[in-house]
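Below you'll find the structure, written out as structure tokens, and then a few comments.
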Amino acid sequence: MVINNHLKEDLISKRPHEEDGRRQVLSLTLKGRKLIEEVFPKNQKCIEDCFSVWAEKEIEMLHAVMKKFRKEHYES
């Protein structure tokens, strides 16, 4: 659903994989790249503002928990 919406909005394009016909290759369009360039700095600023009140130790703890989560759920 998300992919179809992005295709309809011309934010991404889709083409068949060259070697495996069962797969599709998704790419950002120029319009999608422009949107990323516009949104990314605002998103980065928001994240920095949110974490600016956290102590360095708290950020390190969050990083450790996220690393553990990734390992347990995506690398097993």
Please give me the minimum heavy-atom distance between [X] and [Y], naming the atom from each residue.
{"X": "Leu7", "Y": "Ile12", "answer": "CD2-O, 3.4 Å"}
{"X": "Ser13", "Y": "Thr29", "answer": "N-CG2, 3.8 Å"}
{"X": "Lys31", "Y": "Leu11", "answer": "CG-CD2, 3.9 Å"}

Between NZ on residue Lys14 and OG on residue Ser27, distance to nearest 0.5 Å:
12.0 Å
Nearest 0.5 angstrom please: His6 NE2 to Leu28 CG, how far?
9.0 Å
Just so I know, are the side chains of [X] and [Y] near enough to count as touching, which here means a heavy-atom distance under 4.5 Å?
{"X": "Glu75", "Y": "Arg70", "value": "yes"}
{"X": "Val2", "Y": "Asn5", "value": "no"}
{"X": "Arg23", "Y": "Asp20", "value": "yes"}

Checking Lys45 now: which residues fulfil salt bridge (Lys or Arg N to Asp or Glu O under 4.0 Å) with it, not counting sequence neighbours?
Asp49
Atom pairs and distances, side-chain donor-acceptor, residues 53-66, under 3.5 Å, sequence neighbours left out:
from	atom 1	to	atom 2	distance (Å)
Glu58	OE1	Ala55	N	2.7

If hydrophobic clusters are built from ILVMFWY residues whose side chains come within less than 4.5 Å, do Leu26 and Ile36 share one?
yes
Quick check: are there more than 12 heavy atoms from other residues, nucleotides or ligands sitting under 6.0 Å from CD of Glu48?
yes
